[in-house]
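Side chains included, hydrogens not; waters and symmetry mates left out as well; all remaining heavy atoms used. Every value quoted in this text rests on a predicted model; they were computed, and no experiment measured them.
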Amino acid sequence: MRLWLVRHAAPCIEPQRCYGRLDVEADDAATQAAAAALRSALPPRWAGWHSTRKRCRQLAAALGEPPAGLWRADARLDELDFGAWEGHAWEAIGTAALDAWVADFAHHRPGGGESVAQLLRRVQAALADAAAVGGTDLVWVTHAGVIRAVQWLRTHGTRLPAATEWPRAAPAWGVWTVLQGLP
């Protein structure tokens, strides 16, 4: 089984804004281009799950129905919840708030939202359920934070990260990475 981790297309929001759970649309032309590229790379049989956020639902719809069944909307594939920070410019959030998050990266809940530890737990639970799909490739249309969480779990298991250890790399908007097997 391969897990395809697909990042949504570029969101329609001002640059330098915090938009984890904020339900913003993605650029339609970029979504269509990403779907066409992905469709040509996918194997003949695959199952699909997507985040509940609009930008991921758009890409899933543009891809069409998975050959191995209907799309499954799964909130565990949603981006990190930044609470009161959602929609605000990172600059307006301020250095002190960001420093507090970095100081206790795994447990701090930025903006009163969700901690990285909580993100890791829900992504780990989704991965456990994904293992039950078996026998077919699985496509997740999701977000950079979820993709980084999968990368972390694959490399470090359930050990909690410091900010300096958290994976920086994630696919660009509308791009994907493919993992052989599940973490």
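Between Trp101 and Trp90, the ring-plane angle classifies as parallel under the 30° and 60° cut-offs.
For the pair Ala47 and Val133, the tightest heavy-atom approach, listed with the atom from each and the gap, is CB-CG1, 4.4 Å. Residue Ala9 comes nearest to Trp173 through the heavy atom pair C-CB, 3.7 Å, listed as atom of the first residue, atom of the second, then distance. Between Arg45 and Thr136 the shortest heavy-atom distance is O-OG1, 3.3 Å. Nearest approach of Arg55 to Tyr19, heavy atoms of both residues: NH2-O, 3.0 Å. Nearest heavy-atom pair across Ala26 and Thr31 is CB-OG1, 3.6 Å. When all heavy atoms of Cys12 and Val24 are compared, the pair lying nearest together is O-CB, 4.5 Å.
Between His50 and Asp74 there is no side-chain heavy-atom pair separated by less than 4.5 Å. Taking 4.5 Å as the limit, every side-chain heavy atom of Leu120 sits out of range of all side-chain heavy atoms of Thr158. Considering only heavy atoms from C-beta on, Asp129 comes within 4.5 Å of Arg72 through its side chain. At a threshold of 4.5 Å between non-hydrogen side-chain atoms, the residues Pro43 and Trp4 count as touching. Using a 4.5 Å cut-off on side-chain heavy atoms (C-beta onward), Leu63 and Leu38 make contact. In this structure, Val6 and Pro171 have side chains that are not in contact, with every pair of non-hydrogen atoms separated by 4.5 Å or more.
Remark: Leu119 CG to Asp81 CG distance equals 10.5 Å, nearest 0.5 Å. Annotation: the span from Gln58 atom CD to Gln32 atom CD amounts to 9.0 Å, rounded to 0.5 Å. With rounding to the nearest 0.5 Å, the separation of SG in Cys18 from CH2 in Trp85 is 7.0 Å. The CD atom of Glu79 sits 9.0 Å away from atom CD1 of Ile147, with the distance rounded to the nearest 0.5 Å. Between the CG atom in Asp23 and the OG1 atom in Thr52 there is a gap of 7.0 Å [rounded to 0.5 Å].
Residues Leu80 and Val150 are members of one and the same hydrophobic cluster, defined by side-chain heavy-atom contacts under 4.5 angstrom among Ile, Leu, Val, Met, Phe, Trp and Tyr. Note: the hydrophobic cluster containing Phe105 also contains Phe82 (ILVMFWY, side chain heavy atoms under 4.5 Å, direct or indirect links). Taking hydrophobic clusters as Ile, Leu, Val, Met, Phe, Trp and Tyr residues chained together by side-chain heavy-atom distances below 4.5 Å, Leu127 shares a cluster with Leu5. Under the 4.5 Å side-chain heavy-atom criterion for grouping Ile, Leu, Val, Met, Phe, Trp and Tyr, Ile13 is not connected to Ile93 through any hydrophobic cluster. No chain of hydrophobic side-chain contacts below 4.5 Å, direct or via other Ile, Leu, Val, Met, Phe, Trp or Tyr residues, connects Val178 to Val175.
Side-chain atoms of Arg148 come within 3.5 Å of backbone atoms of Pro167 as a donor-acceptor pair (strictly under, hydrogens ignored). Of the possible polar contacts, one joining the Glu86 side chain to the Gly20 backbone as a donor-acceptor pair under 3.5 Å is found. A donor-acceptor pair is defined here as one N or O able to donate and one able to accept, closer than 3.5 Å; no such pair exists between the side chain of Thr155 and the backbone of Trp152. Of the possible donor and acceptor atoms, one in the side chain of Gln118 sits under 3.5 Å from a partner among the backbone N and O of Ser115.
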>> As a quick check of understanding, evaluate salt bridge (Lys or Arg N to Asp or Glu O under 4.0 Å) for Glu114 and Arg21, giving each step before the final call.
In response: CA-CA 10 Å; Glu114 176 183 35; Arg21 290 276 177 97; 3.4 Å; yes
>> side-chain contact (heavy atoms from CB on, under 4.5 Å) for Leu179 and Arg154? Distances and angles first, verdict last.
In response: CA-CA 10 Å; Leu179 303 178; Arg154 187 175 183 95; 3.7 Å; yes
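Remark: Arg17 does not engage Glu91 in a salt bridge, criterion side-chain N to carboxylate O under 4.0 Å.
Within the 6.0 Å centre-distance limit, the rings of Trp71 and Trp46 are counted as a close aromatic pair.
Exactly one residue among Arg57, Arg53, Arg122, Lys54 makes a salt bridge (Lys or Arg N to Asp or Glu O under 4.0 Å) with Asp78. That residue is Arg53.
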Report, one line per pair, each donor and acceptor closer than 3.5 Å where one atom sits in a side chain of residues 138-146; sequence neighbours left out.
from   : atom 1 : to    : atom 2 : distance (Å)
Thr142 : OG1    : Leu77 : O      : 2.7
His143 : NE2    : Ser51 : OG     : 2.8

